[in-house]
Number of protein chains: 2
Amino acid sequence: MGIPRCDHLLIAAAALLDKAGPAAVTLRDVGRAVGVSHNAPYRHFASKQDLLASLIARELRDVCKEAEALERLPSPQTLILTFARWALAYPERFRLMIFHWPDGAHADLCEARCRWQAMFIRAIEIQQAAALLPTGDPERLSCLIRSTALGAIQHYLATGGKDTPPAEVIGDLFGYLARGAQRAPPTNAALVAELSGAVD
Amino acid sequence: MGIPRCDHLLIAAAALLDKAGPAAVTLRDVGRAVGVSHNAPYRHFASKQDLLASLIARELRDVCKEAEALERLPSPQTLILTFARWALAYPERFRLMIFHWPDGAHADLCEARCRWQAMFIRAIEIQQAAALLPTGDPERLSCLIRSTALGAIQHYLATGGKDTPPAEVIGDLFGYLARGAQRAPPTNAALVAELSGAVD
DNA sequence: ACCTGAACACCGTTCAAGT
DNA sequence: ACCTGAACACCGTTCAAGT
């Protein structure tokens with residue numbers, strides 16, 4: 001039990017979220033799950049909003065760490081598909097993430113977003129330098145790819161998995177981008193196939 | 001006052017939503033705004049969820065009607081930018097729309113979604129036939145464009161308008177798609193410019 | 001048919017205490 | 001420092017009445 005009480009609360013909240021959706025995560029149940037009173041969480045988080053923002057900040061940081069642990073910076077294709085795999089594995093966390101708008105600009109959450117984005121842009125610049133992706137402002141290209149992935153995941157989950165899987169939509173985009181590049185970028189066929197089977 | 005009580009409740013709910021976000025729309029305040037008791041809405045809607053789903057179904061239907069009122073079917077570029085303009089004008093309604101997941105598959109909402117999507121696919125097929133967009137499954141191409149727009153709007157609004165405006169992201173996508181077509185599709189420069197100025 | 005008021009179980013949050 | 005229990009104001013929903 002070396003795990004801090006603070007993280008314990010976040011884990012309990014994530015479990016409630018995954019099991020029964022955002023409406024089911026109440027401070028009372030979170031406290032109950034870790035064996036403290038219904039307002040003990042206020043010792044660690046300023047409000048329920050703060051707890052939820054901290055939860056997705058931690059998730060995003062974990063996704064970053066997973067990529068950073070590799071010996072080489074992954075390709076943009078791998079990075080975005082890793083993110084999509086996380087979203088498909090934990091749909092309610094993803095939903096919470098996209099629902100959480102400014103509302104106060106949570107510091108940890110902003111930092112986690114920036115960290116992922118910086119890594120993604122670096123990955124794009126490398127493929128641009130190798131003529132695997134079209135030239136142009138890498139931040140702008142990042143925005144296009146990120147938008148497509150975000151929307152594809154959102155729509156796929158919102159329709160209950162009845163539409164085109166995100167990996168295929170993302171693959172289509174990279175296909176069109178390849179025509180703007182001098183050489184075709186890798187398709188990461190293995191990851192795409194793995195991701196396509198992640199949700200029925 | 002020929003307006004039905006049912007619509008009156010939806011309008012009041014939309015006003016509360018726009019003014020103070022999703023947390024502020026309570027059945028009690030909605031009832032108060034139209035001058036009825038706090039549970040009169042139950043005569044018209046099965047639950048709060050039902051009222052909210054009906055609200056965005058009505059919104060989506062209005063967006064459809066706006067396009068259908070024109071003498072000719074608008075281009076895919078115009079359709080998607082009209083949707084984006086609506087989203088930027090009513091960010092909280094858009095947020096509610098993307099937050100509303102299966103949760104029961106609201107009939108009116110599903111119908112409105114299908115109606116818009118069918119119109120969009122028809123518009124794509126027309127440009128494909130004219131060699132203005134790449135060939136291939138129009139439904140698949142529709143999914144790519146729709147995903148990009150959805151994600152671009154979401155990200156733009158979530159960052160408080162600090163990132164690339166949705167119209168430019170969508171424009172970039174159509175630019176890359178044009179390289180896969182025999183002739184370049186129209187860019188709808190006027191609509192793009194109008195939309196770019198819609199949110200500071 | 002349509003609405004009302006009271007009531008129920010629940011929630012986030014605050015606060016005065018406890019150790 | 002960290003937690004507790006009671007309390008407050010609020011919420012969605014139900015239900016027995018009213019017309």
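This one's a predicted model, so the numbers in the text were calculated from it and none came from an experiment. Labels below follow one simple rule: chain letters A, B, ... track the order of the sequence lines, proteins then strands, and each chain is numbered from 1.
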- prompt: Reading nucleotides 6-15 of chain C from the 5' end, what letters show protein touch, with B for base, S for backbone sugar-phosphate only, - for no heavy atom under 4.0 Å?
  reply: BB---BBBBB
All N/O pairs under 3.5 Å across the protein-nucleotides 16-19 of chain C interface:
none

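Every residue was checked against the salt bridge (Lys or Arg N to Asp or Glu O under 4.0 Å) condition with Arg179(A), not counting sequence neighbours, and none meets it.
Under 4.0 angstrom from either OP1 or OP2 of dC2(C) there lies no side-chain N or O belonging to Arg5(B). Under 4.0 angstrom from either OP1 or OP2 of dC3(D) there lies at least one side-chain N or O belonging to His44(A).
Taking the side chain as every heavy atom from C-beta outward, Cys143(B) and Asp163(A) approach each other to under 4.5 Å.
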Side chains of residues 16-30 of chain A: which donor-acceptor partners sit under 3.5 Å, not counting sequence neighbours?
| residue | atom | partner | partner atom | Å |
| --- | --- | --- | --- | --- |
| Asp18(A) | OD1 | Arg93(A) | NE | 3.1 |
| Asp18(A) | OD2 | Arg93(A) | NE | 3.1 |
| Asp18(A) | OD2 | Arg93(A) | NH2 | 2.5 |
| Thr26(A) | OG1 | Asp29(A) | N | 3.0 |
| Asp29(A) | OD1 | Arg32(A) | NH1 | 2.9 |

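In summary, the aromatic rings of Phe99(A) and Phe99(B) are positioned with their centroids under 6.0 Å apart.
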- request: Map every base of DNA chain D to its dot-bracket character, where paired means a Watson-Crick or G-U wobble contact with both distances under 3.5 Å and | marks a partner outside the strand.
  value: ||.|||||...|||||.||
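With 3.5 Å as the limit, one finds no donor-acceptor pair spanning the side chains of Gln49(B) and Ser47(B).
The side-chain hydrogen bond (donor to acceptor under 3.5 Å, both in side chains) contacts involving residues 131-144 of chain B comprise Glu168(A)-Arg140(B), Asp172(A)-Arg140(B), Ser142(B)-Arg146(B), where partners must be two or more places apart or lie in separate chains.
One finds the CG atom of Leu81(B) at 10.5 Å from the CG atom of Leu88(B) (value rounded to the nearest 0.5 Å).
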